[in-house]
Amino acid sequence: MTRGGPRLLHGATVAGEIRAQVKKDVLAFKRRQGYAPTLAVVMVGSDAPSAVYLQQILRSCRNVGIHGRLVEIPGRVSAAALRNRIAELNDDPLVAGIIVQMPLPKRIPLSAVTDTLDPAKDIDGIHPLNAGRLELGHPGFMPTTAQAAVELLKRSDIALEGRRAVVVGRSNVVGKPAAILLLRANATVTVCHSRTRDLAAETRRAEILVVAVGKPGLIDGGMLKRGAVVVDIGINVVGERIVGDVDFESAKGVVSAITPVPGGVGPVTNALLLTHLMRAATEQAAQTSTPRRRLRQAAHH
Ligand code: NDP
């Protein structure tokens, strides 16, 4: 938009700030409790793209001193056996948070995971209780990707109040919670999806546009309002490259600010997940009836 091109909303800076705080929180937790909190990462089968994502999460955990535990479950697992495994993690006092790789094998209903997870350990906000809390504006865990999109805008000093925001995508994990969070920030929100009659007419009205679809190039420069701020959540593998849902080349001459893909929302998502884990760990440590000495012994075995 400006002669030098749009402002790029890089996630690395925001993610770095968030991680620095998490590191301090982990140190304080360890000093107090005598052990590191654990994030259990459940991998069902060996789906390559999400395996890469899960490895990234485990690496981020290590970097801030959180113990990441990879729980590998064969892809042929039954829904009942998966429920049992999650229930075991729910009961493990060392495990503060649990995330489960998506998508699940087709045979397994999503509810086998969402309804089994202990809401107190559901740090990515997929349990119906946490989804309801988000909707009602009550404290709980919210889906990190949606939170990251809005957090990136807020920490980049982009005003949201009273502004016309359009979200493209209405999944329970990304689009819908992003719309709720924008509404909470007092934006005027429109949600678009695959049945929206004239997508371009909607997106052209957006001062803030958040796109979470999973289709490369779905939104091009001709569909954008001049000076709009665009958050591209999409992650698509095209040949050797990772691209978003917005055609960056045609968008960059129109918008005032845009997230790069990769390097926009992704790093913030990752960092926020760690903050959720620390919150879960702190809340559970305050409530558990298991003596701290026993937890320390178990952690060091
Ligand atoms: P889903 O497939 O669950 O949802 C896609 C949404 O896009 C649906 O609501 C669908 O509409 C809508 N849609 C599909 N086609 C169109 C179209 N032509 N026009 C308008 N809307 C359309 O995907 P997710 O929400 O899980 O993920 C969305 C994207 O975000 C993906 O690229 C994913 O990889 C990425 N992602 C990024 C993360 C990050 O950290 N950056 C983390 C998680 C996801 P309908 O409901 O009508 O079917």
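Note that the coordinates shown come from a computational prediction; the quantities given were computed from them, not determined experimentally. The first residue in the sequence is number 1, and the count goes up from there. Just follow the structure's listing: the first ligand is 1, and inside any ligand the first atom is 1. Worth knowing before you read on, the calculation uses all heavy atoms, side chains too, and leaves out hydrogens, waters and symmetry mates.
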**Message:** Check this for me: R294, atom CZ, are more than 12 non-hydrogen atoms of other residues, nucleotides or ligands nearer than 6.0 Å?
**Reply:** no
**Request:** Could you name the option among I235, V173, T203 that has the heavy atom nearest to atom 26 (O) of ligand 1?
**Result:** V173
**Complete:** Residue, atom and distance of the protein heavy atom nearest atom 36 (N) of ligand 1 read I233 O, 3.8 Å
**Prompt:** In the protein, what heavy atom is nearest to atom 8 (C) of ligand 1, and what distance, to one decimal place, separates them?
**Reply:** R170 N, 4.0 Å
**Asked** Looking at G169, which atoms of ligand 1 are within less than 4.0 Å of one of its heavy atoms?
**Response** 6 (C), 7 (O), 9 (O)
**Request:** For ligand 1, find out whether one of its N or O atoms is nearer than 3.5 Å to an N or O atom of R195.
**Result:** no
**Asked** Which of the atoms in ligand 1, numbered in the order shown and given with their element, are less than 4.0 Å from a heavy-atom of S171?
**Response** 3 (O), 4 (O), 9 (O), 24 (P), 25 (O)
**Prompt:** Below 4.0 angstrom, N of the basic side chain to O of the carboxylate: do D91 and K121 qualify?
**Reply:** no
**Fill in**
Closest to atom 13 (N) of ligand 1 among protein heavy atoms sits V213 CG1, 3.6 Å
**Request:** Salt-bridge test for E17 and R155: reply yes if a basic N is under 4.0 Å from a carboxylate O, no otherwise.
**Result:** yes
**R107 side chain to V77 backbone, donor-acceptor under 3.5 Å** = yes
**Prompt:** How about T144 and D124: does a side-chain donor come under 3.5 Å of a side-chain acceptor?
**Reply:** yes
**Request:** Consider every N or O of D245 and every N or O of ligand 1, then say whether any pair is closer than 3.5 Å.
**Result:** no
**Message:** So for atom CD, which belongs to E135, do other residues, nucleotides or ligands contribute more than 12 heavy atoms lying within a distance under 6.0 Å?
**Reply:** no
**Request:** Considering only non-hydrogen protein atoms, determine which one is nearest to atom 10 (C) of ligand 1 and report residue, atom name and distance to 0.1 Å.
**Result:** S194 N, 4.3 Å
**Request:** Check each atom of ligand 1 against the heavy atoms of T269 and keep those under 4.0 Å away; list them by number with element.
**Result:** 40 (O)
**Request:** Identify, by atom number and element, the atoms of ligand 1 in contact range of V168, meaning under 4.0 Å from any of its heavy atoms.
**Result:** 20 (C), 21 (N)
**Message:** What I want to find out is whether E88 reaches R85 closely enough, with some N-O distance under 4.0 Å, to be called a salt bridge.
**Reply:** yes
**Prompt:** Which of the numbered atoms in ligand 1 are below 4.0 angstrom from a heavy atom of G214?
**Reply:** 29 (C), 31 (C), 32 (O)
**Request:** Run the contact test for L218 against ligand 1 with a 4.0 Å cut-off on heavy atoms, strictly below, and give the result.
**Result:** yes
**Request:** Could you tell me whether ligand 1 has any atom less than 4.0 Å away from a heavy atom of A212?
**Result:** yes
**Message:** What protein heavy atom lies closest to atom 27 (O) of ligand 1? Include the residue and the distance to one decimal.
**Reply:** V174 CG2, 4.1 Å
**Prompt:** Is the closest side-chain donor-acceptor distance between S250 and D220 under 3.5 Å?
**Reply:** no
**Prompt:** Where the side chain of T288 meets the backbone of T290, is there a donor-acceptor pair that is under 3.5 Å apart?
**Reply:** yes
**Complete:** In ligand 1, the atoms that come under 4.0 Å of a heavy atom of T145 are 38 (C), 39 (C), 40 (O), 42 (C), 43 (C)
**Complete:** Shortest non-hydrogen pair, T114 vs H127, comes out as O-CD2, 3.0 Å
**Message:** Please list the nearest protein heavy atom to atom 15 (N) of ligand 1 with its residue and the distance rounded to 0.1 Å.
**Reply:** K215 NZ, 3.1 Å
**Modelled atom types, side-chain donor and acceptor of R83 and T116, under 3.5 Å** = yes
**Request:** Name the closest protein heavy atom to atom 20 (C) of ligand 1, giving the residue it belongs to and the distance to 0.1 Å.
**Result:** H193 O, 3.3 Å
